[in-house]
Amino acid sequence: MAILSDDEDLRGTKKDSFQKKNPIVKPENIEYDKTFENSIRPKDFDSYIGQGALKETLKITLEAAKLREKPLDHLLFYGPPGLGKTTIAGVIAAQMGVDIRITSAPALERPRDIIGILMSLKGGEILFIDEIHRLNKVAEEILYPAMEDFTLDMTTGKSQTAKTLRVPLPKFTLIGATTKAGELSGPLRDRFGMVYRLEFYTIEELTEVIKRTAKILDIKITEDGAKAIARRSRGTPRIANRLVKRVSDFALVKYDGIIDENVANDSLDTLKIDEFGLDHTDRALLNLIIEKYDGGPVGIETIAAALSEDVRTIEDVCEPYLLQAGLLQRTPRGRKVSPEGYRHLGIKTPSEQTRLF
Ligand code: ADP
């Protein structure tokens with residue numbers, strides 16, 4: 001069995017800083033990673049757990065598009081990584097009975113990248129662009145008429161002899177995904193017919209995700225074992241799936257192969273994932289703000305530099321959950337550790353400390 005590299009974040013995110021320092025990633029890991037994620041990715045609404053409100057709205061929208069025999073409106077999904085944006089795009093495609101092309105903004109650097117992909121689309125197909133907030137201006141401008149009128153405006157020739165050519169495109173649906181809706185330009189955001197935010201999952205929902213994954217991977221797990229892993233999965237299915245696999249290795253080697261509450265808790269303690277699901281980086285971040293900056297506020301760049309982390313990793317991966325869990329606060333002057341954050345680390349808040357004297 002292939003094992004995930006230790007350099008891989010347990011949240012399933014290759015750290016940007018790690019990649020910068022180690023540009024060569026073992027290809028077998030990448031392959032393995034993709035195969036693993038795809039093998040457990042839900043393919044229909046029934047196996048897509050949680051996000052109830054979103055699913056209900058989508059079902060109606062899809063049904064209406066089918067009845068009208070028109071392609072679906074362009075959709076934008078936003079929320080932290082691992083919450084199921086790519087997965088829901090795949091479910092939509094399956095439900096509509098159309099193909100889906102998956103790409104991401106950094107792969108569309110040159111105009112010909114986006115033109116090529118648009119021209120190769122067939123009627124009704126879905127184009128999924130991940131990290132869409134990272135599209136460059138030129139690519140965005142090519143997308144505007146494509147999204148609005150299903151045309152490509154191309155310029156041929158130079159200066160005085162230049163001509164603009166309107167090339168018709170088949171009617172397609174663009175599904176954009178982003179961790180940062182705020183960074184999308186206004187004109188691009190306005191061209192999406194629907195914008196949805198994906199929510200963190202409840203413990204009960206993650207327990208279902210874990211039981212489903214365990215069944216597919218033939219891992220034996222009890223209800224309490226699944227719940228124990230769910231509690232430490234930061235509200236995120238991708239993390240839940242990673243953890244269940246990691247814990248199953250422990251169960252196999254150290255125990256009798258079955259994941260119960262005790263096995264789950266013991267394994268996660270060994271992996272240094274605490275009861276809130278925080279890992280080493282999260283705790284280092286909170287500790288840094290408390291110890292070096294009196295609990296904050298402190299700017300994100302300063303935090304990233306002190307932790308030798310990439311600002312994007314901190315903003316996209318660490319912060320959303322720390323904010324949602326109420327351990328960290330965002331203020332106009334920077335990030336602050338909340339009283340709950342102090343409590344979680346077992347450190348007294350400054351006011352509790354002064355009360356002692
Ligand atoms: P994102 O695109 O938001 O980063 P993905 O769609 O790639 O996240 O989901 C990450 C993993 O989590 C997938 O492999 C999938 O198996 C699992 N997953 C995501 N959402 C759900 C869900 N609602 N139910 C079950 N599994 C899910």
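Order of listing sets the numbers, starting from 1, for every ligand and every atom in it. One is the number of the first residue; the rest follow in order along the sequence. These values consider heavy atoms only, across backbone and side chains, with no hydrogens, waters or symmetry-generated copies.
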Would the number of heavy atoms belonging to other residues, nucleotides or ligands and lying under 6.0 Å from NZ of K43 be above 12?
yes
Side chain to side chain contact (heavy atoms under 4.5 Å, CB included) filter on E140, not counting sequence neighbours, yields L135, K137, Y144, S185, L188
* Got L327 and L278 here, is their nearest side-chain heavy-atom distance under 4.5 Å? -> yes
The side chain to side chain contact (heavy atoms under 4.5 Å, CB included) partners of A146 (sequence neighbours excluded) come to L118, L169, F172
Contacts of K163 meeting side chain to side chain contact (heavy atoms under 4.5 Å, CB included) (sequence neighbours excluded), chain-then-number -> T156
Go through the steps for I300 and E319 under the test side-chain contact (heavy atoms from CB on, under 4.5 Å), then give the verdict. CA-CA 10 Å; I300 188 85; E319 258 195 3; 3.4 Å; yes
Distance filter under 4.0 Å, heavy atoms only, around ligand 1 gives E37, I40, R41, P42, S47, Y48, I49, P81, G82, L83, G84, K85, T86, T87, Y201, V209, P237, R238, N241
